[in-house]
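Written below as structure tokens is the structure these notes are about.
Nothing fancy with the numbering, it's 1 onward along the sequence. These values consider heavy atoms only, across backbone and side chains, with no hydrogens, waters or symmetry-generated copies.
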Amino acid sequence: MGSKSLTASEIASPFDAAIAMAPQRKSFPRIFLARPEPFRLAGERVFLRLPERGDYEDWASLRGRSRNFLVPWEPSWPVDALSRASFRTRAARYAEDWRTDQAYNLFIFTLEETLIGGVGLSNLRRGVSETASLGYWIGEPFAQRGYMTAALPLVLSFAFERLRLHRVEAACLPNNTPSRSLLVRAGFRQEGYARQYLCIEGKWQDHLLFAILREDWDGRHFEKVPRTIES
């Protein structure tokens with residue numbers, strides 16, 4: 001890896017050149033090849049990158065210490081949730097989802113390279129939708145310290161400016177006040193209330209539905225977060 005940081009526009013050409021060689025139904029500025037290029041999205045407080053096998057120990061430790069904190073907001077954990085084999089399966093699925101433009105999952109690190117959480121765009125729908133679902137988690141020691149507030153603009157910039165999505169959706173439990181406030185700060189608007197929307201902690205639960213459009217993002221009045229894509 002070189003030390004030079006490249007902007008999104010500077011790194012676009014090799015990706016787009018490779019994509020242009022293959023037939024497509026529609027021209028999109030895709031960013032995947034047969035094997036994802038190593039990269040990072042960097043801001044002033046955090047950076048995001050693809051999970052790697054070497055992250056297992058830090059990931060398992062953080063998730064394990066944060067289990068009671070995370071369980072009320074997540075699908076039920078399987079028995080082997082924190083096993084090395086489970087993590088390898090997860091990492092392989094993330095890479096395949098990335099390659100096939102199905103989902104983009106990233107780990108969140110402090111600038112000192114401490115793993116603190118994860119964020120992802122899943123269930124991508126192209127064509128007439130150009131939409132993805134946003135999900136995120138933060139380890140308990142790092143919650144309510146502004147880290148996720150710093151991470152979301154990076155992934156939203158990635159979604160709208162690089163993936164060229166039209167819409168990003170999110171959902172949270174009605175009693176998850178921190179998550180609700182986070183989405184509002186990031187520019188999401190509440191659009192509805194869905195009964196028994198997702199199975200969380202083993203039971204179907206109602207959710208508040210949020211979304212942000214590309215034009216909402218483009219029209220935000222705050223200064224865009226500095227970001228780089230390094231390869």
Mind checking whether [X] and [Y] have side chains closer than 4.5 Å, heavy atoms only?
X: Arg180; Y: Leu208; value: yes
X: Gln205; Y: Lys203; value: yes
X: Trp77; Y: Leu70; value: yes
X: His166; Y: Ser129; value: no
X: Arg126; Y: Asp101; value: yes
X: Ser86; Y: Pro78; value: no
X: His207; Y: Ile200; value: yes
X: Trp217; Y: Val168; value: no

Q. Should Glu191 and Arg167 be marked as a salt bridge (charged side-chain N to carboxylate O under 4.0 Å, His left out) after you check the CA-CA gap, both sets of side-chain angles, and the distance that decides it?
A. CA-CA 13 Å; Glu191 294 187 338; Arg167 174 183 173 92; 2.5 Å; yes
Q.
Before you tell me yes or no, could you show the steps for Glu57 and Arg84 under salt bridge (charged side-chain N to carboxylate O under 4.0 Å, His left out), namely the whole-Å CA-CA distance, both residues' side-chain angles and the distance that decides it to 0.1 Å?
A. CA-CA 8 Å; Glu57 297 291 348; Arg84 187 180 296 274; 2.6 Å; yes
**Q.** Check against side chain to side chain contact (heavy atoms under 4.5 Å, CB included), Tyr147 and Arg45
**A.** CA-CA 7 Å; Tyr147 287 120; Arg45 296 195 65 199; 3.3 Å; yes
Q: Can you label the angle between the Phe158 ring and the Tyr104 ring as parallel, tilted or perpendicular, going by 30° and 60°?
A: perpendicular
(Q) With no hydrogens and no angle check, just 3.5 Å: does a side-chain donor-acceptor pair link Arg125 and Thr131? (A) no
For the residue pair [X] and [Y], would you count it as a cation-pi contact if the rule is NZ or CZ under 6.0 angstrom from the ring centre and within 45 degrees of the ring axis?
X: Arg63; Y: Trp137; answer: yes
X: Arg49; Y: Phe107; answer: no
X: Arg214; Y: Phe160; answer: no

Nearest atoms (heavy-atom pairs only) where [X] meets [Y]:
X: Leu62; Y: Gly117; result: CD2-N, 4.0 Å
X: Glu201; Y: Ser76; result: C-OG, 3.5 Å
X: Ala42; Y: Leu154; result: O-CD2, 3.8 Å
X: Ala170; Y: Phe188; result: CB-CE2, 4.0 Å
X: Leu106; Y: Trp98; result: CD2-CZ3, 3.9 Å
X: Tyr197; Y: Ala171; result: CE2-CB, 3.7 Å

Backbone N or O of [Y] within a donor-acceptor pair of the [X] side chain at under 3.5 Å?
X: Ser179; Y: Cys172; answer: no
X: Asp55; Y: Glu52; answer: yes
X: Ser66; Y: Glu140; answer: yes

If hydrophobic clusters are built by linking Ile, Leu, Val, Met, Phe, Trp and Tyr wherever their side-chain heavy atoms come under 4.5 Å apart, do [X] and [Y] end up in the same one?
X: Tyr94; Y: Leu134; result: no
X: Ile116; Y: Leu50; result: yes
X: Val184; Y: Trp73; result: no

When rounded to the nearest 0.5 angstrom, what is the spacing between [atom1] in [X] and [atom2] in [Y]?
X: Leu41; Y: Ser157; atom1: CG; atom2: OG; answer: 8.0 Å
X: Phe69; Y: Phe142; atom1: CZ; atom2: CZ; answer: 11.5 Å
X: Glu169; Y: Leu121; atom1: CD; atom2: CG; answer: 11.5 Å
X: Tyr136; Y: Ile108; atom1: OH; atom2: CD1; answer: 10.5 Å
X: Leu213; Y: Asp216; atom1: CG; atom2: CG; answer: 4.5 Å
X: Leu124; Y: Leu163; atom1: CG; atom2: CG; answer: 6.5 Å

Q: Starting from the C-alpha separation in whole Å, work towards a yes-or-no answer on side chain to side chain donor-acceptor pair (under 3.5 Å) for Tyr193 and Asp206.
A: CA-CA 7 Å; Tyr193 188 100; Asp206 299 351; 2.9 Å; yes
Q.
For a side chain to side chain contact (heavy atoms under 4.5 Å, CB included) check, start with the C-alpha distance between Arg88 and Tyr56, then their side-chain angles and the critical distance, and finish with the verdict.
A. CA-CA 8 Å; Arg88 287 179 175 175; Tyr56 169 70; over 6 Å; no
Q) Taking the six-membered ring for Trp, are Phe109 and Trp59 ring centroids under 6.0 Å apart? A) no
Q: Start with the C-alpha gap between Arg93 and Glu96, add the side-chain angles, then the distance that decides, and say whether salt bridge (charged side-chain N to carboxylate O under 4.0 Å, His left out) holds.
A: CA-CA 5 Å; Arg93 185 177 70 248; Glu96 177 64 13; over 6 Å; no
